[in-house]
2 protein chains.
Amino acid sequence: MKIDPIHILKDHDLKHTKQRVRVLEEIAMDSVAISQPELEKKLGKEIDRVTLYRILNAYEEKGILHKIMDMNGTANYAICSPSCSVDHHHDEHVHFNCTNCLKIYCLDVMIPKIKMPAGFTASTVNTTAYGICEKCSVLQSGN
Amino acid sequence: MKIDPIHILKDHDLKHTKQRVRVLEEIAMDSVAISQPELEKKLGKEIDRVTLYRILNAYEEKGILHKIMDMNGTANYAICSPSCSVDHHHDEHVHFNCTNCLKIYCLDVMIPKIKMPAGFTASTVNTTAYGICEKCSVLQSGN
DNA sequence: AATATAAATGCAATTAGGTTGCAAATGTAG
DNA sequence: CTACATTTGCAACCTAATTGCATTTATATT
Ligand SMILES: [Mn+2]
Ligand SMILES: [Mn+2]
Ligand SMILES: [Zn+2]
Ligand SMILES: [Zn+2]
């Protein structure tokens with residue numbers, strides 16, 4: 001999927017700064033989600049830690065990125081589908097967290113409807129599968 | 001569900017100490033999961049921070065507690081079902097994270113089977129629903 | 001193009017979550 | 001009761017994340 005940072009920023013009423021563009025570029029680079037620590041490692045020389053936090057938060061709030069927590073409580077970020085907007089994310093797909101390479105994939109698999117017990121009203125449902133991803137699986141078997 | 005800390009400790013080859021009993025009591029007290037920070041607030045005067053971490057980790061490894069990460073990356077703990085054991089948790093139920101009171105419930109709802117894309121092998125699946133819980137729902141409407 | 005102004009950035013300081021090493025205290029098996 | 005292994009508490013440390021504030025930057029207007 002091609003990404004145009006400048007348009008994305010315009011569309012979401014965010015000023016166009018080189019730090020914001022860099023963050024988007026970096027995240028769009030790979031199709032899998034990227035963690036905050038990885039981003040910091042890659043961009044730490046160009047962008048201040050604090051600024052990175054603020055940009056990621058802004059992107060999440062605006063519906064540009066969605067945040068996926070892994071088993072260690074580390075935040076990972078992936079580009080939202082175009083239907084996401086402020087305070088309404090449409091991140092209704094299953095995530096896959098590889099226990100080997102730790103990458104998080106946004107799968108093209110919908111989250112099944114869950115029947116809630118009486119009294120509980122769910123607005124969003126989050127599903128993450130843990131296991132071995134495509135790449136790691138090939139590497140292990142093919143050796 | 002009644003909990004007997006002393007038996008649980010025996011059954012899992014853990015020494016019976018007053019700190020361990022207190023932690024189990026505290027977690028068993030409420031049917032919803034409790035977060036590490038809450039536990040620390042409640043027990044901080046009786047039990048050292050570090051000891052609490054160590055107890056929680058031991059309990060998780062032994063299959064006494066399971067850890068549920070919330071949207072903020074905070075660890076929450078709940079008593080495992082009796083079928084859980086060392087390095088094999090059976091936590092195949094849906095969790096409900098109330099966006100109002102922030103409590104996490106272990107629901108009596110199974111996680112539906114998910115069909116994985118080719119190449120991806122899932123060993124465990126985790127589902128959390130976010131929304132308004134039973135109690136908060138009553139409080140809001142009844143007021 | 002120059003200017004005004006609101007927003008974003010970087011830096012320093014702080015808070016909070018979590019870990020490590022070690023001496024003292026405690027539980028349990030003999 | 002004793003011996004020994006384990007657990008605990010404390011101090012130090014490390015890393016993640018937040019806050020306040022001065023400086024810089026983007027953009028709307030003249
Ligand atoms: Mn996703
Ligand atoms: Mn549970
Ligand atoms: Zn992998
Ligand atoms: Zn609630």
Side-chain angles (χ1 to χ4, degrees), chain A residues 4-27 33-62 64-65 67-77 86 102 104, chain B residues 4-27 33-62 64-65 67-77 86 102 104:
Chain A
D4 179 357
I6 290 144
H7 276 154
I8 292 182
L9 291 173
K10 268 238 173 66
D11 289 353
H12 292 86
D13 293 305
L14 290 171
K15 280 191 180 173
H16 163 260
T17 69
K18 75 171 191 302
Q19 294 88 340
R20 284 178 174 167
V21 172
R22 282 294 289 119
V23 171
L24 266 186
E25 282 175 350
E26 204 55 49
I27 294 177
I34 184 166
S35 69
Q36 194 280 333
E38 281 180 273
L39 276 170
E40 195 175 321
K41 224 185 310 174
K42 288 197 179 179
L43 301 173
K45 291 282 150 60
E46 313 172 46
I47 304 178
D48 185 77
R49 261 171 67 70
V50 179
T51 304
L52 179 56
Y53 280 116
R54 292 195 271 229
I55 290 176
L56 291 172
N57 287 338
Y59 283 179
E60 200 201 347
E61 275 175 19
K62 291 285 186 175
I64 296 173
L65 296 181
K67 177 159 77 170
I68 310 135
M69 286 290 174
D70 67 20
M71 59 258 212
N72 304 309
T74 303
N76 292 66
Y77 293 92
V86 184
L102 303 183
I104 295 183
Chain B
D4 179 357
I6 290 144
H7 276 155
I8 292 182
L9 291 174
K10 268 238 173 66
D11 289 352
H12 292 86
D13 292 305
L14 290 171
K15 278 191 181 173
H16 163 261
T17 70
K18 76 173 192 300
Q19 294 88 340
R20 282 177 175 167
V21 172
R22 281 295 289 118
V23 171
L24 266 186
E25 282 176 349
E26 203 56 48
I27 295 177
I34 184 166
S35 70
Q36 194 282 332
E38 281 180 274
L39 275 171
E40 195 176 321
K41 224 185 308 172
K42 287 198 180 181
L43 301 173
K45 292 281 150 63
E46 313 173 44
I47 305 179
D48 185 76
R49 261 168 61 70
V50 179
T51 303
L52 178 56
Y53 280 116
R54 292 195 271 228
I55 289 176
L56 292 172
N57 287 338
Y59 283 179
E60 200 201 346
E61 276 175 19
K62 291 284 187 174
I64 296 174
L65 296 181
K67 176 158 78 171
I68 311 136
M69 287 290 176
D70 67 19
M71 60 257 211
N72 305 309
T74 303
N76 292 66
Y77 294 92
V86 185
L102 304 182
I104 295 182

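Since this is a predicted model, take the numbers as computed values, not measurements. In the text below, chain A, chain B and the rest are named by the order of the sequence lines, each starting its count at 1.
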### Message
In whole Å, I'd like the distance from the CE atom of B:Met71 to the C1' atom of D:dA17.
### Response
17 Å

### Summary
Atom OH of B:Tyr59 and atom C1' of D:dT7 are separated, to the nearest Å, by 12 Å

### Query
For A:Leu14 and C:dT9, what is the distance between atoms CG and P respectively, to the nearest whole Å?
9 Å

### Query
Base, sugar-phosphate alone, or nothing: which one does B:Glu46 contact when heavy atoms must sit under 4.0 Å apart?
sugar-phosphate

### Task
Just compare D:dT8, D:dA5, D:dG9 and give me whichever is closest to any side-chain atom of B:Lys15.
D:dA5

### Message
Counting only side-chain nitrogens and oxygens, does A:Thr51 get under 4.0 Å of the OP1 or OP2 atom of C:dA8?
### Response
no

### Query
Is any side-chain N or O of A:Thr17 closer than 4.0 Å to OP1 or OP2 of D:dT25?
no

#### Entry: Closest to the A:Tyr53 side chain, choosing from C:dT28, D:dA16, C:dA7
D:dA16

### Query
Rounding to a whole Å, what distance do you find between B:Glu60:CD and C:dG18:C1'?
14 Å

### Query
Between CG of A:Leu52 and CD of A:Gln19, what distance do you get to the nearest 0.5 Å?
10.5 Å

### Query
What distance do B:Ile55 atom CD1 and B:Arg22 atom CZ have between them, rounded to the nearest 0.5 Å?
11.0 Å

#### Entry: Given DNA chain D, 5'-ward residue of the pair A:Arg49 and A:Arg54, judged by closest heavy atom
A:Arg49

#### Entry: Rounded distance in Å - CD1 (B:Ile55) to C1' (D:dG9)
12 Å

### Summary
By nearest-nucleotide position on DNA chain D, the 5'-leaning member of B:Val50 and B:Asp13 is B:Asp13

### Query
Any side-chain heavy-atom pair from B:Asp48 and B:Tyr53 closer than 4.5 angstrom?
no

### Query
For D:dT25, does OP1 or OP2 lie under 4.0 Å from any side-chain N or O of A:Gln19?
no

### Query
Can you find a pair of side-chain heavy atoms, one from B:Ile64 and one from B:Ile8, that are under 4.5 Å apart?
yes

### Summary
Which of D:dT18, C:dG10, D:dA26 is nearest the side chain of A:Asp48? It is C:dG10

### Query
Should A:Asp70 and A:Ser35 count as side-chain neighbours, where that means a heavy-atom distance under 4.5 Å?
no

### Task
Hey, which sits more toward the 5' end of DNA chain C by its nearest nucleotide, B:Gln36 or A:Lys18?
A:Lys18

### Query
If you pin B:Met69 and A:Arg20 to their nearest nucleotides in DNA chain C, which one's is more 5'?
A:Arg20

